[in-house]
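First comes the structure, then the notes that go with it.
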Protein chains: 2
Amino acid sequence: MRILIVEDEPGIYNFLKQGLEEESYAVDIAEEGKKGLHLALSGDYDLLLLDWMVPGMSGIEICRQFRKEFKDTPVIFLTAKDTVDETIFGLQAGANDYIKKPFHFEELLERIKVQLRPKSGEHSIFKLGNITLNTTTHQVLKAEEVISLTQKEFALLEYLMRNKGIVCRRSRIIESVWDIHFEYNTGVIDVYINALRKKLKLGEDENYIQTVRGVGYVAKEI
Amino acid sequence: MRILIVEDEPGIYNFLKQGLEEESYAVDIAEEGKKGLHLALSGDYDLLLLDWMVPGMSGIEICRQFRKEFKDTPVIFLTAKDTVDETIFGLQAGANDYIKKPFHFEELLERIKVQLRPKSGEHSIFKLGNITLNTTTHQVLKAEEVISLTQKEFALLEYLMRNKGIVCRRSRIIESVWDIHFEYNTGVIDVYINALRKKLKLGEDENYIQTVRGVGYVAKEI
DNA sequence: TTTGTACCATGAGAATTTTAATTGTAGAAG
DNA sequence: CTTCTACAATTAAAATTCTCATGGTACAAA
């Protein structure tokens, strides 16, 4: 597995390079933004580690450009900032995960493994209109705004978004999201659909979660 | 797959026989208790459907006798009574599930499928001292008493009992029961262990859930 | 069009689950 | 044997999740 690190501080990239090579990843370094993007676009890499701030071109811009070509290669941001405003753009640019400096190497390694594990098929980012859902960071954005959801709300939205365009019957939802088999005579789903619509502020014009009478619900871009 | 039905009412057993044969199960009927037990002990069956009350010998007694010989063959009770007292003995006698009359055929079919699915390995009943836990009915007994547990309490107890005798580290428990990966700096487990010990009334003499300092917990028969 | 019925939306309250703070205790170090 | 410290037990309160009751609305039948 080949990893590209775009980072200008030698202290950090040497530490990462050594650690990752011990885990038998092939690691390349780019100390400058444009060179980083150029290397990334060569398509030789299975994963990108991008520093937030690098000379020449911001990590975000690299990510955005890279995403146009490579839709499935995971991108992880290394960021010193944990302010909401900043990470939003990272996720919108198509990052799969981010980790705050300073971080434990073990934790980064875990996250890299998570991203590389599925490799085929499994996506971690789903889009529905102007809604973005990221399964690894467990975050949801509507346009530029972070929407705070509870576990169950998130799980339900994830299920609907994974099945975008497909009508989800109540029984399936209950099985997948609530892990209840036989007996689906409960009203929980409705309550949570209600909560989602409220938190996501889905009005008439943005009716992304539609009711299918007698069956269930669909996530649709109108 | 071969199913034995022990039931004396022709109305019921004909209905069942026809429905199950349409689902391509091979079905035999015993209208009387002793004959039922005799057939069951022949070992020709993959699943038993026992009526609560049959002439000659009670379903419970058949179940108990049958269990001595066949530990892994699932037994489902058909019962008109849903009083706690009655079902207790059914579960204690080693039944895997029960269904109350009148029932929908679909539901019975589902339960039969659930019982036949794992077939190899997977058990649905776990014992720990005088505690019995049944994963399909989601019931827990201590001696003769039904212990009412919440979802999470049940899930934690199930995990510990599935790993009887093995020390379970907190991180594993959090992963399996709570589905949380990385970050296990939460105190939930302790709180639930506490709740379990209380509800199960585990005193000094019955310390079935033991603390392993610095690591986690074990379920042990002292 | 009107009426009826079954299904869905919504809100409030109950139960469960989680967090967080305090108290207690085992085992190590002195 | 004492003291200290890190971990576990316990409790209370906050947050989430679920249930239940009410009101609304789509669709079918008259």
Side-chain angles (χ1 to χ4, degrees), chain A residues 138-140 147-160 167-204 206-220, chain B residues 138-140 147-160 167-204 206-220:
Chain A
H138 256 249
Q139 275 182 318
V140 173
I147 306 290
S148 154
L149 299 182
T150 68
Q151 287 282 330
K152 275 281 144 73
E153 288 164 355
F154 187 91
L156 175 57
L157 182 59
E158 179 181 342
Y159 183 80
L160 293 173
V167 176
C168 304
R169 26 179 78 265
R170 280 150 196 286
S171 56
R172 293 252 179 282
I173 297 175
I174 274 285
E175 287 192 356
S176 299
V177 178
W178 274 267
D179 202 34
I180 295 173
H181 309 279
F182 11 89
E183 292 187 33
Y184 16 90
N185 49 355
T186 160
V188 235
I189 300 175
D190 308 47
V191 174
Y192 275 79
I193 289 285
N194 194 236
L196 279 179
R197 285 174 175 160
K198 239 182 211 163
K199 285 202 179 177
L200 294 169
K201 303 184 203 75
L202 302 181
E204 281 291 299
E206 288 184 325
N207 189 13
Y208 294 142
I209 300 178
Q210 292 173 31
T211 307
V212 182
R213 215 179 155 76
V215 185
Y217 299 90
V218 214
K220 251 198 199 171
Chain B
H138 257 249
Q139 276 182 317
V140 173
I147 307 289
S148 153
L149 299 182
T150 68
Q151 287 284 328
K152 277 278 142 77
E153 287 164 355
F154 186 91
L156 175 56
L157 182 60
E158 178 182 341
Y159 183 80
L160 293 172
V167 176
C168 304
R169 25 178 78 266
R170 280 150 196 286
S171 56
R172 293 253 177 280
I173 297 175
I174 275 286
E175 287 193 355
S176 298
V177 179
W178 275 266
D179 202 34
I180 295 172
H181 309 280
F182 11 90
E183 292 186 33
Y184 18 90
N185 48 355
T186 162
V188 236
I189 300 175
D190 307 46
V191 174
Y192 274 81
I193 290 285
N194 193 235
L196 280 180
R197 285 175 175 159
K198 239 182 214 163
K199 285 203 180 177
L200 294 168
K201 304 186 204 71
L202 303 181
E204 282 290 302
E206 287 185 324
N207 190 13
Y208 295 142
I209 300 177
Q210 291 174 30
T211 308
V212 184
R213 218 181 153 74
V215 185
Y217 299 90
V218 215
K220 250 198 201 171

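Any value given below was found using the heavy atoms of this structure, including those in side chains, with hydrogens, waters and symmetry copies removed. A, B, ... follow the sequence lines: proteins, then strands. Residue 1 opens every chain.
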Partners of B/Tyr208 by ring pair (Phe, Tyr, Trp, His ring centres under 6.0 Å), sequence neighbours excluded? none
For A/Gln210, side chain to side chain contact (heavy atoms under 4.5 Å, CB included) partners two or more places apart: A/Asn207, A/Lys220
Using the side-chain hydrogen bond (donor to acceptor under 3.5 Å, both in side chains) criterion, which residues pair with A/Glu158? Sequence neighbours excluded. A/Arg162
Could you tell me which residues satisfy ring pair (Phe, Tyr, Trp, His ring centres under 6.0 Å) with B/Tyr217, sequence neighbours excluded, listed by chain and number? none
For chain B, the stretch of DNA chain D it reaches, first to last nucleotide, under 4.0 Å of its heavy atoms: D/dA6 to D/dT11
Who pairs with A/Ser176 by side chain to side chain contact (heavy atoms under 4.5 Å, CB included), at least two apart in sequence or on another chain? A/Tyr159
Can you list every salt bridge (Lys or Arg N to Asp or Glu O under 4.0 Å) pair that touches residues 209-218 of chain A, not counting sequence neighbours? none
Residues which pass side chain to side chain contact (heavy atoms under 4.5 Å, CB included) with B/Asn194, listed by chain and number, not counting sequence neighbours: B/Lys198
Take the protein atom CG of B/Leu156 and the nucleotide atom P of C/dT16, then report the distance between them rounded to whole Å. 16 Å
Assign A/Phe154 to base, sugar-phosphate, or nothing according to its heavy-atom contacts below 4.0 angstrom with the strands shown. nothing
Take a 6.0 Å sphere around CZ of A/Arg169 and say whether it holds more than 12 heavy atoms from other residues, nucleotides or ligands. no
Could you pull out all residues at least two apart from B/Val191 that satisfy side chain to side chain contact (heavy atoms under 4.5 Å, CB included)? none
Rounded distance (Å) that lies between atom P of C/dT10 and atom CG of A/Leu202: 11 Å
Indicate for each nucleotide in nucleotides 21-30 of chain C, in 5' to 3' sequence, whether protein heavy atoms under 4.0 Å reach the base (B), only the sugar-phosphate (S), or nothing (-). -----BS---
Salt bridge (Lys or Arg N to Asp or Glu O under 4.0 Å) partners for B/Lys201, two or more places apart: B/Glu145
Nearest-nucleotide check on DNA chain C, A/Gly214 vs A/Lys198; residue mapping nearer the 5' end is A/Gly214
When you check the phosphate oxygens OP1 and OP2 of C/dT16, does a side-chain N or O of B/Lys152 lie under 4.0 Å from one of them? no
Counting only side-chain N and O atoms of B/Thr150, is one of them less than 4.0 Å from OP1 or OP2 of C/dT17? yes
Within residues 187-195 of chain A, residues whose heavy atoms come under 4.0 Å of DNA chain D: A/Val188, A/Val191, A/Tyr192
